[in-house]
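Each residue takes its place number in the sequence, starting with 1.
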Amino acid sequence: MSYKAVSECFSRSVFIVKPQQFSRNGSCVCNYSTSVQDAKPFKSIPGLSSLPYFGILHHFLPVIGQYGPKGNLFNIIGDLHKQFGPIVRLNGVFGRADTVMLFDPVDIDQVYRSQESNPLRSGFETLEYYREHVRSDKFDGFQGLITSHGAAWRDLRTKVNPALLKIKLVQLYTPPLDKIAQDFVDRLKRLKEDETYLRDNFDVEVEKWALECLGLVGLGARLGCLNDKLTPEVQQLIDCAKYIVQTTFQLDFLPKTWRYIATPTFKKLMKVYEKQWELSEMYIRQATKRINEREHDIPDGEKSIIEKLLAIDERVAIVMANEMLMAGIDTVSFALVGVLYNLASNPDKQETLRQELRSDDNQKRYLKACLKETLRIRSVLPSNLRMTDKDHVVRGYHIPPGIDVVVPNEYLSNLEEFYPEPNKFIPERWLADKTDPLYYGNAHPMHVYDIAYFNNYTKNLVMTRVKTFNKIYNLLHVKSRLILRHSSSYKLPRSMETAKPFKSIPGLPSLPYLGPLHHFLPLIGEFGFNINLFDLANILYKRYGPVVKINGIMGRADMVILFKPEDLYQVFRSQEHNPMRPAFETMEYYRDVLKKDTFDGIYGLTSAQGPKWRDFRKKVNPALLNLKLAKVYATPLEEIAQDFIDRLKHLTDDKKYLTDNFVYEMSKWSLESVAFVGLRARLESLKENLTPKHPASILTQCAKDIGLLSIQLEFLPNPWKYIATSAYKKLIQAYDTQLKLCTMYIEQAKRQINKRGYDIPEEDKSIVEKLVAIDERVAIMMAVEMLLAGVDTVSFTVTGLIYHLANNPDKQERLRQEIRSDNPRKRYLRACVKEALRIWHVIPPNLRKTDRDHVVGGYHIPPGVVIIAPNEFLSRIEKYYPRPNEFIPERWLADKTDPFYYGNAHPMVTLPFGFGIRSCIGRRLAELEIEILMKKLIDEFKVTWEGPPILNINMSTFVSLPYEAKFEVLQ
């Protein structure tokens with residue numbers, strides 16, 4: 001709040017608006033008495049109770065105060081409005097002037113308009129004292145724009161207007177500001193690798209960009225603020241600006257003991273004012289020297305602001321530079337961070353802006369609308385004030401001279417009566433037609449954008465064009481990729497302060513400790529134990545709406561299901577750097593406690609969170625995300641696929657076996673493929689009559705046990721944390737067996753690599769070879785993770801795809817024709833895979849665990865809550881995909897003008913491989929395995945479905961269902 005107060009004194013208006021004689025609803029202004037003699041006395045204006053001399057101070061004291069010392073200004077203003085109405089009196093504290101707060105724009109217009117010639121407001125008395133008394137020798141009656149009033153202010157303003165308000169300033173300063181913007185973007189690129197620094201210091205970096213721009217305009221030089229190492233002079237300028245912002249609020253707006261005693265804070269502030277003056281003077285004289293050394297004069301239209309101010313008076317140039325530094329840094333940086341925050345929170349708006357920035361349209365109307373909308377929602381200055389210089393009658397009350405009239409612009413601009421959906425970021429309101437209810441002009445002209453940021457009358461900010469639009473426009477326009485994700489340096493949205501409590505989120509009724517468990521019990525439960533997640537999501541959405549709470553069972557974390565993609569994006573995007581998911585606690589316990597000596601800091605991707613997860617992911621990314629993996633693995637995966645095709649041909653004669661065991665046979669193919677990638681070995685899973693002791697049989701059983709027992713121990717009530725139950729012991733045994741076999745195969749692979757006797761090009765090396773080079777334990781861990789996550793997921797995808805192709809013979813035939821063609825791209829095959837995954841997600845929901853506060857749908861969601869994205873359910877809603885229950889691969893190939901175009905859906909709707917940096921690291925390999933098998937299978941078989949339709953399915957229940965497909969060998 002303090003820097004807003006400081007910067008407000010520099011926001012003084014230039015443009016004139018014709019007075020409006022209408023009330024906010026368009027009718028004539030009410031007939032209150034306008035005569036001072038007939039008006040009700042000033043003291044009868046409603047407001048907070050007051051004490052002699054102390055005024056309203058007691059309302060803001062700790063413990064006893066109604067609002068306390070840290071009360072939120074927006075909420076306090078809202079409370080005063082509701083409690084006292086459109087005009088509120090606040091008696092002055094410690095002899096300060098009384099204040100009147102006006103909430104009706106018509107009343108505000110009346111007071112402000114009357115002062116248009118010589119507007120007055122409370123000055124910054126410490127700065128005024130410094131200029132008049134401490135350094136009167138330098139200023140000699142010359143006060144500047146911040147501290148002067150009346151005729152003195154108007155005289156100076158008249159002098160500097162020609163230098164500061166020329167339209168051509170934009171043309172003059174665009175190239176150098178463009179260069180500064182580019183330097184800032186380049187610096188961000190370098191800093192983005194250090195996420196902790198950028199998260200904690202983004203506001204500092206933006207302030208340095210703002211100072212660099214202000215230095216160019218006000219001091220006539222690049223200061224080097226964006227260099228890695230700052231000069232002592234630049235650091236001093238930054239320190240001075242910060243101290244002035246922090247201290248002037250304390251000394252100018254709180255009880256002023258400095259008037260009687262020179263307090264240490266006051267003494268230091270005088271020294272800081274002096275240092276800032278000296279630095280400004282130094283830079284201005286350097287600019288003067290450069291101008292004087294120039295060998296020729298230049299046209300007046302090409303002269304810089306500093307050159308024009310120097311032509312008036314060197315003191316004018318120095319004072320104006322001083323005032324730009326005081327008022328410009330925080331205001332401009334606050335506005336920029338606000339724009340970025342709102343765009344990060346509204347990806348659809350961000351994309352609209354990006355398209356405009358990349359277009360040939362020079363007007364960039366949407367960019368300007370985004371800036372206006374940001375300043376409407378969260379004003380740089382939450383309120384403006386004037387000091388009355390004459391008697392006024394407002395709403396029948398007498399307001400005498402010497403009263404501070406406060407306009408709560410930020411509060412007013414967030415009222416529904418002025419702006420529909422006021423708490424939403426809707427730049428379109430600034431571009432809407434006059435017939436549109438969103439049209440910004442429906443609000444009174446004293447609305448936020450004119451008055452709260454630019455102050456709608458002649459005391460407007462003289463540097464409007466250069467200091468705000470031009471800088472922000474250049475930064476965003478020149479490098480649209482600067483539109484960032486959420487920055488933690490930006491304060492929580494105001495909606496946090498007005499959000500409904502977490503416990504009020506609608507959801508299933510719960511019991512103490514047991515939570516909603518009774519709803520899922522056999523016989524008595526509404527849903528029973530075996531309800532499909534798709535069906536459950538459908539019921540909850542229809543019953544409770546877009547935000548649904550499910551209380552934790554037996555001490556587990558509470559869960560919230562979000563059905564709006566925009567809400568999901570807000571939460572998921574905020575965690576992009578360190579995404580948190582509910583951990584598999586048994587696996588975490590096994591790795592971190594039972595096998596601590598074995599793994600010793602190698603955490604894996606499944607169980608690790610935060611920095612541990614990120615550290616491991618960085619180690620394995622180069623090996624698993626290489627685009628040339630297809631070259632390394634295509635041939636062996638084709639051999640495995642051919643082995644499966646040969647086995648399938650052999651099994652087609654035994655229809656009953658194939659119906660009962662097709663999913664099992666698919667799992668064996670998937671295991672063979674995954675094992676070759678993760679273990680660098682053929683397990684021979686596709687051979688006839690595998691014995692129970694065969695490694696393939698053992699690994700298959702381990703995967704089955706881990707899958708079933710993990711669900712039992714992780715998601716159902718189980719005392720394994722206190723008692724080693726039989727299920728817990730069996731799970732640990734499965735982990736041990738899997739680890740033992742993976743270790744054995746990795747050691748075999750390592751010996752084979754060492755026996756080779758020669759090195760091979762990096763792009764020809766297998767994943768195992770690259771991981772062993774990092775650390776053998778890393779290779780073992782990734783092999784375990786691939787077997788855990790890769791076998792069932794890939795086989796489920798292929799089994800689902802075959803089902804859909806069997807039920808859609810026209811799609812199957814089109815795919816067959818593409819496979820047999822010479823077209824190497826196989827776009828329709830990939831579209832078929834995407835469509836199968838849309839209908840049946842491998843993992844129906846995606847999860848995140850909140851690590852910070854959120855406001856979603858007007859509700860507060862605290863840290864530690866599991867957020868569920870019901871992607872499979874969302875992917876089958878007509879709103880996002882026309883005819884959502886039909887298998888239509890063409891939607892993934894359609895033109896953007898086609899109603900079926902997949903891009904019409906929000907990107908958070910369909911996430912079969914997860915979201916962001918925590919998405920599936922094996923996606924590329926999984927897609928390669930699937931495509932290779934499907935090309936062979938559809939080429940050699942015609943598949944038909946002979947059983948009833950399968951509606952909703954998941955991996956765990958698919959295994960137990962008969963797979964009633966008929967495979968006819970094609971000649």
[X] and [Y] ion-paired at < 4.0 Å:
X	Y	answer
Lys364	Glu356	no
Arg429	Glu421	no
Glu351	Arg354	yes
Asp183	Lys179	yes
Glu410	Arg376	no
Arg135	Glu128	no

Just how far is it from atom [atom1] of [X] to atom [atom2] of [Y], taken to the nearest 0.5 Å?
X	Y	atom1	atom2	result
Cys225	Ile180	SG	CD1	8.5 Å
Gln286	Thr288	CD	OG1	9.5 Å
Leu226	Cys213	CG	SG	8.0 Å
Asp186	Leu191	CG	CG	11.0 Å
Ile108	Asn409	CD1	CG	6.5 Å
Met320	Asp313	CE	CG	13.0 Å

Exercise for review: Could you check Val319 against Trp277 for side chain to side chain contact (heavy atoms under 4.5 Å, CB included), going step by step and ending with a plain yes or no?
Suggested key: CA-CA 8 Å; Val319 168; Trp277 175 270; 3.7 Å; yes
Do you know which two heavy atoms are closest between [X] and [Y], and how far apart they sit?
X	Y	value
Ile318	Ser280	CG2-CB, 4.1 Å
Tyr273	Thr126	OH-OG1, 3.2 Å
Arg290	Leu219	NH2-O, 4.3 Å
Leu237	Tyr283	CD1-CE1, 3.8 Å
Leu214	Met324	CD1-O, 3.8 Å
Leu230	Gly224	CD2-O, 3.5 Å

For the residue pair [X] and [Y], establish whether any side-chain heavy-atom pair is separated by less than 4.5 Å.
X	Y	result
Asp203	Val206	no
Arg187	Arg190	yes
Val160	Lys308	no
Lys268	Tyr243	yes
Leu385	Val405	no
Gln235	Glu233	no
Phe202	Leu188	yes
Glu274	Tyr130	yes

Exercise for review: Evaluate side-chain hydrogen bond (donor to acceptor under 3.5 Å, both in side chains) for Asp178 paired with Gln182, printing each intermediate quantity in order.
Suggested key: CA-CA 6 Å; Asp178 178 41; Gln182 181 63 59; over 6 Å; no
Can a donor-acceptor pair be found, under 3.5 Å and without considering hydrogens, that links the side chain of [X] to the backbone of [Y]?
X	Y	result
Asn346	Asn342	yes
Asn414	Ile377	yes
Gln570	Val855	yes

Point to revise | Partner of Tyr411 under ring pair (Phe, Tyr, Trp, His ring centres under 6.0 Å), chosen from Tyr419, Phe418, Phe74 | key: Phe74
Point to revise | side-chain hydrogen bond (donor to acceptor under 3.5 Å, both in side chains) assessment of Glu373 paired with Tyr440 | key: CA-CA 10 Å; Glu373 182 69 349; Tyr440 76 93; over 6 Å; no
Point to revise | Verdict with supporting geometry, Ile238 and Lys242, side chain to side chain contact (heavy atoms under 4.5 Å, CB included) | key: CA-CA 6 Å; Ile238 293 172; Lys242 285 186 176 180; 4.1 Å; yes
Exercise for review: Give the intermediate values and the outcome of side chain to side chain contact (heavy atoms under 4.5 Å, CB included) for residues Arg386 and Asp404.
Suggested key: CA-CA 6 Å; Arg386 286 289 186 272; Asp404 284 332; over 6 Å; no
**Study point:** Pairing residues for Glu278 by the salt bridge (Lys or Arg N to Asp or Glu O under 4.0 Å) criterion, not counting sequence neighbours
**Key:** Lys275
Exercise for review: Please identify each residue that fulfils salt bridge (Lys or Arg N to Asp or Glu O under 4.0 Å) with Glu212, with sequence neighbours left out.
Suggested key: Arg222
Exercise for review: List the steps, then state whether side chain to side chain contact (heavy atoms under 4.5 Å, CB included) holds for Cys370 with Leu343.
Suggested key: CA-CA 8 Å; Cys370 288; Leu343 291 169; 4.0 Å; yes
Review point. Which is it for Tyr366 and Gln355 under the side-chain hydrogen bond (donor to acceptor under 3.5 Å, both in side chains) test, yes or no, and what are the steps along the way?
Key: CA-CA 10 Å; Tyr366 197 76; Gln355 294 304 317; over 6 Å; no
